[in-house]
Enquirer: 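Have a look at this one.
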Amino acid sequence: MSDTLERLATAVVEGNVDSMEELAQEALDEGLSAQEILNDGLMGGMNHVGKEFKAGNMFVPEVLRSAKAMKEAMKLLEPMLAAGEAQATGKILLGTVKGDLHDIGKNLVGMMCEGAGFDVRDLGTDVEPDQFLSAIKEFEPDIVGMSALLTTTMRAMGDTIKAIEEAGLRDQVKVMIGGAPVTQRFADDIGADGYAANAASASDLAKEFVGAA
Amino acid sequence: MSTIYEKLATAVLEGNSDKVPDLIQKGMDEGKTAKELLDNGLVVGMDEVGARFKRGDMFVPEVLMSAESMKAGMGVLRPLLAEAEEEMLGTIVLGTVEGDLHDIGKNLVGMMCEGAGFEVVNLGFDQPPQAFIDAIKQHQPDIVGMSALLTTTMRAMGHTIKAIEEAGLRDQVKIMVGGAPVDKEFADRIGADGYGSNAPAASDLAKEFVSAA
Amino acid sequence: MQVKKTNYTVNATPTFEVLTEEEIEAIYFSALRVLYETGVRVYEEEGVEIAHSGGAIVEDTTDDSSLVKIPPWMVDKALATLPRKVVVVGPDREHRMELYKNQIYFGAGSDTPFTWDPYTGERRRATYEDVKNFAKIAQAMPNMDFHMSLGIVQDVNVGTYDRWQYLAMLEGTTKPINITAVDLDGLQDQLEMAYVRVGGKEEFEKGPIFSLYIEPVSPLSHSEEVIQKLLFATDNGIPFVYTPCPLAGATAPCTLAGTAVQALTESLFGIVLSQLRKPGAPMIIGGLMSNMDMRTTVYCYGSPEMALLSAAYTQITKWLGVPMYETAGCSDAKMFDEQAVLEATFNATTAALTGGNMIHDVGYLEQGLTSSMEMMVATNEIVDRVKRILRGIPVTDETKALDVIEDVGPGGHYLEHDHTYTRFKDLIWQGPLTDRQNWENWDLAGRKTFRDRVHARVLEILETETEPLIDEDMYKELRQICELADERHKGEELDFDMFV
Amino acid sequence: MRTNYRVNSGVRFRMLTDDQLQELFDGVLHVLENTGLEVHHEESRQILQEAGAWVDGTRVRVPSWLVKESLRKAPRSFTVYARDGNREHNIHIGPGRAHFGPGPTCPNFIDVETLERRPYIKDDVSIVATVVDALPNIDFCESLGSVDDVHADLSALYEFAHMFPNTSKPIVAWSFDKYDSEGIHQIALAEAGGQEAFEQRPNYIHYCEPLSPLISTFEALDKLVFAARKRVPLVFTPCAIAGGTAPITAAGIITQGVAESWMGLTIAQAIQPGLPFIMGGVLSVMDMNAMVFSYGAPELSLMMAGVTELAHFAGLPLWQTGGCTDSKTFDEQAMIEGSMSVYFSALTGGDLCHDVGYTESAMTGSVFQLAAMDEAIGYARRITRGIDVNEDTLATEAIHNVGPNGHYLREPHTRRHYKTEFWYPNLCDRRNFDEWDTMGRKTMKDRTIERVRDILASHEPAPLKEGTETLIQSVLEEAEDRVQQDWWQEREIAD
């Protein structure tokens with residue numbers, strides 16, 4: 001692997017936000033393609049971050065810093081990737097369901113998934129089923145992720161899945177859910193495709209869904 | 001109306017030392033023998049004390065109050081029992097061995113044994129083997145109790161037992177040992193007849209010795 | 001412009017007190033009264049003579065002892081020369097205890113007859129190997145600052161086990177050690193060993209590598225051996241702990257204030273005697289103060305009264321200006337279980353909050369009769385938690401973070417903020433043995449309990465190969481001192497082994 | 001006779017100085033006045049505007065004078081009463097007094113028979129309430145769970161309906177929305193004897209939870225408005241996560257958390273001047289690797305101590321947190337974490353300490369943890385009671401009488417004091433090794449399980465007044481009718 005790519009990966013791991021653009025440019029100047037830089041440099045770094053995080057050696061603020069660093073480089077690479085054949089790992093639509101203003105868990109999932117190379121759109125909190133529907137039509141995600149922190153708002157996840165079914169969009173997307181009171185049993189009950197106990201496993205689950213695991 | 005036996009037992013249970021001699025007098029007036037008053041009154045009271053203490057329903061100061069009243073009763077009954085040539089519980093010589101100034105545990109054993117109806121001769125602490133030998137000769141006890149709190153002075157228990165043997169007195173007495181670092185195995189090793197893990201256990205052991213004898 | 005604050009007092013740590021100054025004074029002056037009017041019994045002629053020539057009244061002399069009464073002025077005089085700070089170091093000179101007001105150091109307890117074998121899971125008599133292993137554990141524990149044996153070596157001669165115990169500890173740790181001695185001869189031998197360990201008497205005097213544990217007997221009784229040790233330590237520049245173990249309700253008054261009065265009386269006698277012998281002799285007072293459980297007759301090592309009384313006594317020592325020997329990290333539980341840590345959490349937290357200097361008895365179970373490696377490792381983690389709390393709450397513009405709150409605003413989050421990124425490792429405590437996984441991960445990882453994790457850590461330490469702390473020649477030299485002692489004391493032993 | 005003799009009644013603990021508290025206090029006022037909060041409740045915004053707050057869309061900023069005025073109106077001391085008139089069960093909130101009780105809403109429960117973790121069900125409510133009623137150091141009741149086997153909307157109502165008959169200790173009632181609150185209040189009134197009687201002797205406290213950072217949610221305020229109008233004592237407590245939903249520094253999270261709570265205070269006092277208001281919140285760190293909100297971190301105790309002192313500085317009682325753990329099981333970690341937070345809670349005198357009995361970072365309620373913490377609280381209370389120092393306790397005469405080498409076991413002084421001076425444990429075992437060995441080497445866990453099962457087999461809480469039980473049934477039936485159409489019901493049928 002080229003030295004520059006290795007440095008890029010290291011910069012991602014260390015969360016060196018400021019040096020990312022410069023390093024990416026350097027790599028391009030060396031003649032590497034945007035796809036190579038992404039796959040071997042940035043994603044290499046993020047994979048390492050994921051592993052270290054799972055092993056308990058890295059912490060959320062560091063992971064987020066790494067994700068941010070990757071994003072910095074992506075600013076430069078994205079136009080080139082869009083022009084070529086390259087693709088992100090997949091697309092994820094996220095939202096905290098209706099009635100729930102708790103944001104933190106879902107934000108974490110979003111950041112982790114971005115770090116894993118997903119294109120993430122976050123609808124925010126208190127999201128109505130209709131908002132999910134129109135976003136699915138427009139954004140065409142591979143995965144829809146929903147979260148709820150309250151036992152009361154949990155069932156709004158069921159409502160949302162039902163609405164997606166009724167709109168005939170259920171086959172287009174995988175649905176994953178999460179949040180402190182959510183369990184696998186509940187996920188099965190309301191017909192979700194998967195459940196994740198925390199942000200790290202949510203990102204793993206998403207990768208599994210798109211066959212990138 | 002409760003019987004004189006019940007009253008005596010209650011007086012012991014409540015630790016009412018002043019009342020016990022009067023009640024004994026009353027019982028004698030009613031024609032009860034010393035032996036009857038002891039077995040059906042005082043001893044019944046103390047048995048209840050022991051049972052309650054074991055259950056955690058009585059506290060040391062209360063047990064000692066009861067022991068005091070038992071002792072007061074024995075003070076009255078002992079000459080009468082001797083007169084009637086009744087068998088008495090017996091005499092215990094107690095001491096903390098040479099080199100050891102700790103004697104709270106041994107004192108507690110003494111008081112508990114008195115409560116059980118024994119006559120107790122307490123030699124005090126830091127007692128050399130000769131002091132035990134002299135006391136055996138003088139008081140003709142049924143039981144000798146020794147305690148030590150330190151491992152170094154535990155050894156002195158062994159020396160003391162040996163000295164008793166050499167003085168030819170070993171067969172006259174049962175020997176029990178105790179103290180925090182002492183256990184059954186050690187008691188066996190130095191040739192003691194028994195080991196009491198705490199004061200109530202020592203008093204039970206003493207009773208066992210005399211009833212077996 | 002941000003102007004620096006004036007007229008502004010900061011609690012850099014939490015503050016904690018049991019007694020007011022007036023209450024401390026009441027206890028102190030009561031102790032002076034007992035020391036003068038009741039007196040203490042002394043079983044050693046030289047001690048009596050020193051006290052007497054220093055101004056004490058001597059009464060009721062029997063063939064083995066005298067009643068010694070100390071007038072208050074003698075105490076004032078002794079306190080004037082008593083060092084307010086005592087230093088004990090490790091043989092490596094890196095581990096170091098500066099014992100004075102509010103400095104806290106944790107360490108093990110000594111001389112338990114029994115120990116829990118980490119391999120068989122059974123309670124049995126302690127051996128040389130156990131004591132060495134305990135020292136090894138203590139060496140590996142960052143929050144253990146000094147060491148005591150946590151076991152009586154019982155696979156050697158009884159009369160000389162103290163030397164072997166010291167040797168075992170020297171093999172396992174380079175932290176300062178608080179030794180016990182069987183008798184004066186044992187103390188002399190161990191001092192010899194310490195000279196060997198640091199390279200001579202002079203080196204020892206520059207910084208003593210052990211302190212000596214001396215225990216007068218409550219109530220108010222100072223045995224021959226105790227006084228001999230006190231005088232020897234004083235003469236030889238050995239800092240010593242003069243620690244009665246009053247038992248409220250049995251060998252001391254049932255009220256905690258009364259127990260403090262009696263303990264202080266006993267300590268003050270030690271102070272007076274040491275300062276009469278050699279003004280400026282370093283000593284540490286305090287010790288184990290607890291209550292007798294009136295339902296079981298045991299000497300409580302895990303009761304709230306012990307924690308409370310130790311805290312109160314620490315305040316008294318701070319007021320007097322003498323280093324304190326506190327007690328914590330111990331329990332009445334028979335084995336390392338939930339009770340053991342419950343009690344240790346309370347007494348270790350209280351000791352740390354109070355600021356007693358040498359906090360000993362970490363690792364004790366069963367009222368000090370059994371030691372446990374698990375208990376020591378667990379207490380190390382408890383102390384680590386408490387130390388996080390002792391860092392207090394700094395209140396500054398940076399920590400109040402009003403601007404950060406404004407930046408993030410309602411509904412935002414702080415995870416990505418620099419304010420979080422730059423601080424989280426320092427501010428969020430992490431314990432190596434504390435588990436915070438979610439259920440699923442914990443379940444997958446085999447549902448390990450704290451006890452499982454602590455046990456694994458104990459074995460890990462024991463099985464990690466380490467460089468010997470003393471070289472072969474030095475070991476031989478130290479061992480020879482022990483063997484010579486065995487030879488000298490041969491005649492005292494029973495004609496069979498007591499334990500093994 | 002002495003004079004100028006100042007004693008400590010109990011121990012004295014301080015985390016912060018008055019200077020530091022004043023600075024934190026000013027910081028809270030600054031946040032309320034300058035940053036403000038999002039208030040998602042129109043009626044509340046109106047009330048705030050009328051009271052003098054600045055309303056800009058949903059953002060509300062509160063001038064310092066208004067906050068201070070609200071603080072002045074709120075009482076520092078008040079009593080919450082046992083429903084059956086049992087004075088032993090009343091709670092007197094006031095300086096220096098710490099009370100303890102469980103927390104609400106865990107999805108799981110440790111089954112009392114199987115000891116396995118499973119979803120919390122309706123029958124668990126009465127188990128928790130009965131155990132609370134019997135434990136001597138637990139002072140108020142919450143349910144330790146969200147009932148899973150009833151309609152999700154009615155979980156809170158069922159909790160109250162099943163707690164109320166099974167303990168006469170005051171209940172802190174959690175609810176989803178105003179409808180629950182109404183049902184709960186109806187039940188409480190029936191027992192109290194009407195609204196006026198309730199106002200004089202309130203028998204429950206209402207619990208509302210705003211959202212961090214700086215959001216007053218619709219439900220929280222809707223319940224608050226209801227409770228304030230009915231004069232129900234109120235807990236208003238955010239649950240802020242240091243480094244997640246609040247600044248990572250203790251001073252920062254305290255500042256933000258208190259601002260969130262005092263928005264509720266301002267609304268409550270505007271509606272009902274003098275309403276007993278118990279300030280929150282629950283402040284702790286997030287484990288930055290496991291990503292759980294830690295209920296066992298030392299920072300929980302640290303931050304809670306700071307916020308307690310700020311509450312007392314401002315003249316309000318505090319909703320403390322303790323006796324809880326991140327451990328998944330009943331083990332040593334659970335005891336270390338629970339004991340330490342209980343201890344600091346007792347040291348600060350935080351007025352109502354909840355979440356006793358939480359395990360697994362609030363995901364599983366456990367009556368075993370609760371019972372073990374009852375022991376820890378007893379222990380803590382013995383320490384915080386301190387040492388009495390007076391002529392009698394100094395015992396110079398007893399010492400003189402006993403003298404060197406004597407003992408105190410028979411002294412009258414000992415007999416007078418041994419029962420009150422010493423604490424006697426229930427679950428901590430002090431037998432010697434031999435006895436412990438003979439009795440089967442039981443650990444504290446074994447003894448705790450026995451004690452809980454004993455309580456459940458034998459304890460009988462005081463009965464409700466005649467008629468209350470019938471009313472509870474009709475309140476529940478009404479509520480069932482209200483929610484009948486819901487999809488959840490369909491799911492239940494489909495199952």
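The figures here come from the full heavy-atom set of this structure, side chains too, leaving out hydrogens, waters and symmetry mates. Reminder, nothing fancy here: chain letters follow the sequence lines and each chain counts from 1.
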Enquirer: What are the two closest non-hydrogen atoms of C/L433 and D/Q333, and how far apart are they?
Expert: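 Taking C/L433 first and D/Q333 second, the nearest heavy atoms are O-OE1, 4.2 Å.
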Enquirer: Please determine, by modelled atom types, if D/N8 and C/T20 share a side-chain donor-acceptor pair under 3.5 angstrom.
Expert: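 C/T20 and D/N8 do not have a side-chain donor-acceptor pair below 3.5 Å.
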Enquirer: Output yes when a side-chain donor or acceptor of D/Y343 lies under 3.5 Å from a complementary backbone atom of C/T349, and no otherwise.
Expert: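 Side chain of D/Y343 to backbone of C/T349, a donor-acceptor pair under 3.5 Å: no, none is there.
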Enquirer: Between chain C and each of D/A398, D/G27, D/G244, D/A395, count heavy-atom pairs under 4.5 Å; write down the option with the most.
Expert: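 Most heavy-atom pairs within the cutoff with chain C belong to D/G244.
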Enquirer: Which atom names give the shortest non-hydrogen contact between D/H413 and C/C254, and what distance separates them?
Expert: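 Heavy-atom minimum between the residues: ND1-N, 4.2 Å.
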Enquirer: Check whether C/L369 gets within reach of chain D through its side chain, its backbone, both or neither, counting any heavy atom under 4.5 Å.
Expert: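 C/L369 has no heavy atom closer than 4.5 Å to chain D.
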Enquirer: Identify whether the distance between the nearest side-chain nitrogen and carboxylate oxygen of D/K445 and C/E338 falls below 4.0 Å.
Expert: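 Looking at D/K445 and C/E338, the cut-off is not met.
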Enquirer: Can you tell which part of D/M286 gets under 4.5 Å to a heavy atom of chain C, answering side chain, backbone, both or neither?
Expert: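 Contact with chain C involves both backbone and side-chain atoms of D/M286.
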Enquirer: Within the structure provided, determine whether C/L342 and D/M444 are in side-chain contact (heavy-atom separation under 4.5 Å).
Expert: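 In contact.
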Enquirer: I'd like to check C/M292 versus D/L409 (side-chain heavy atoms, cut-off strictly below 4.5 Å). Are they in contact?
Expert: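 In contact.
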Enquirer: Between the side chains of D/E23 and C/Y8, is a donor N or O closer than 3.5 angstrom to an acceptor N or O?
Expert: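 Yes - a donor-acceptor pair under 3.5 Å links their side chains.
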Enquirer: Please classify the contact of C/A26 with chain D as side chain, backbone, both or neither, using a heavy-atom distance under 4.5 Å.
Expert: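 For C/A26, backbone and side chain are both near chain D.
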Enquirer: Distance from D/M288 atom CE to C/T420 atom OG1, nearest 0.5 Å?
Expert: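 The distance works out to 6.0 Å.
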Enquirer: Going by distance alone, is a donor N or O of one side chain under 3.5 Å from an acceptor N or O of the other, for C/H413 and D/T245?
Expert: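 On atom types as modelled, these side chains do not qualify, holding no pair under 3.5 Å.
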Enquirer: So D/R447 and C/Q339, side chain to side chain contact (heavy atoms under 4.5 Å, CB included) or not? Walk me through it.
Expert: CA-CA 10 Å; D/R447 297 189 295 271; C/Q339 175 187 347; 2.7 Å; yes
Enquirer: What closest approach, in Å, do C/I27 and D/L394 show between heavy atoms, and which atom pair accounts for it?
Expert: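 Reported closest heavy-atom pair: CG1-CD2, 3.7 Å.
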Enquirer: Can you check side chain to side chain contact (heavy atoms under 4.5 Å, CB included) on D/Y408 and C/L247, steps first, answer last?
Expert: CA-CA 9 Å; D/Y408 292 79; C/L247 185 53; over 6 Å; no
Enquirer: With C/V395, which of D/I254, D/T255, D/L16 fulfils side-chain contact (heavy atoms from CB on, under 4.5 Å)?
Expert: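 When D/I254, D/T255, D/L16 are each tested with C/V395, the side-chain contact (heavy atoms from CB on, under 4.5 Å) holds only for D/L16.
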Enquirer: State, without any angle test, whether D/R430 and C/Q367 hold a side-chain donor-acceptor pair at a distance under 3.5 Å.
Expert: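 No, no side-chain donor-acceptor pair sits under 3.5 Å.
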Enquirer: To the nearest 0.5 Å, what is the distance between OG1 on C/T350 and CD1 on D/I383?
Expert: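 Answer for the OG1-CD1 pair, C/T350 versus D/I383, is 4.0 Å.
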Enquirer: For a quick test of reading the model, state the closest non-hydrogen atom pair linking D/A246 to C/Y414 and the distance between them.
Expert: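 That would be N-CD1, 3.2 Å.
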Enquirer: Distance only, no hydrogens: is a donor on one side chain within 3.5 Å (strictly under) of an acceptor on the other, for C/E406 and D/T35?
Expert: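 Short answer, yes.
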Enquirer: Testing the 3.5 Å rule here: is there a donor-acceptor pair between the side chains of C/Q430 and D/D287?
Expert: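 Yes, side-chain donor-acceptor contact under 3.5 Å.
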Enquirer: Run the salt bridge (charged side-chain N to carboxylate O under 4.0 Å, His left out) test on C/R385 and D/E337 for me, step by step, so that the C-alpha distance in whole Å, both residues' side-chain angles and the decisive distance to 0.1 Å come before the verdict.
Expert: CA-CA 9 Å; C/R385 282 171 175 274; D/E337 297 183 336; 2.6 Å; yes
Enquirer: Heavy-atom pairs under 4.5 Å with chain C - which of D/R441, D/K328, D/M335, D/R12 has more of them than the others?
Expert: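 That would be D/K328.
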Enquirer: Please classify the contact of D/R410 with chain C as side chain, backbone, both or neither, using a heavy-atom distance under 4.5 Å.
Expert: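 Neither the backbone nor the side chain of D/R410 comes within 4.5 Å of chain C.
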Enquirer: Could you look at C/Y301 and say if it's the side chain, the backbone, both or neither that has a heavy atom under 4.5 Å from chain D?
Expert: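 Neither the backbone nor the side chain of C/Y301 comes within 4.5 Å of chain D.
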Enquirer: Between D/S361, D/G306, D/S294, which shows the greatest number of heavy-atom pairs under 4.5 Å with chain C?
Expert: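 Max contact count across the listed options: D/S294.
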Enquirer: Closest heavy-atom contact between D/R6 and C/E23?
Expert: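 Here D/R6 and C/E23 meet closest at O-CG, 4.2 Å.
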Enquirer: Highest number of heavy-atom pairs under 4.5 Å with chain C: which of D/W436, D/Y5, D/F13?
Expert: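 Of D/W436, D/Y5, D/F13, D/W436 has the most heavy-atom pairs under 4.5 Å with chain C.
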Enquirer: So which of D/G386, D/A250, D/A290, D/A251 has the biggest tally of heavy-atom pairs under 4.5 Å with chain C?
Expert: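 If we count pairs closer than 4.5 Å to chain C, D/A251 comes out on top.
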Enquirer: Non-hydrogen atoms of chain C under 4.5 Å away: do they reach the side chain of D/H400, the backbone, both or neither?
Expert: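 Looking at D/H400, backbone and side chain both touch chain C.
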Enquirer: Are any non-hydrogen side-chain atoms of C/T15 and D/M15 less than 4.5 angstrom apart?
Expert: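 No, their side chains stay 4.5 Å or more apart.
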Enquirer: OG1/C/T399 to CD1/D/I248 distance, rounded to the nearest 0.5 angstrom?
Expert: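 Reported to 0.5 Å precision, the distance equals 12.5 Å.
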Enquirer: Identify the heavy atoms of D/P425 and C/R295 that sit nearest to each other, and give their distance.
Expert: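 Minimum heavy-atom separation between D/P425 and C/R295: O-NH2, 2.7 Å.
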Enquirer: Would you say C/K387 has more than 12 foreign heavy atoms packed within less than 6.0 Å of its NZ?
Expert: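 More than 12 within 6.0 Å, yes.
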Enquirer: Shorter than 4.5 Å, heavy atoms on both sides: which option in D/T329, D/D326, D/N405 has the most such pairs with chain C?
Expert: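 So the answer, after comparing D/T329, D/D326, D/N405, is D/N405.
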Enquirer: So what's closer than 4.5 Å to chain C heavy atoms on D/E411: side chain, backbone, both or neither?
Expert: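 Looking at D/E411, nothing touches chain C.
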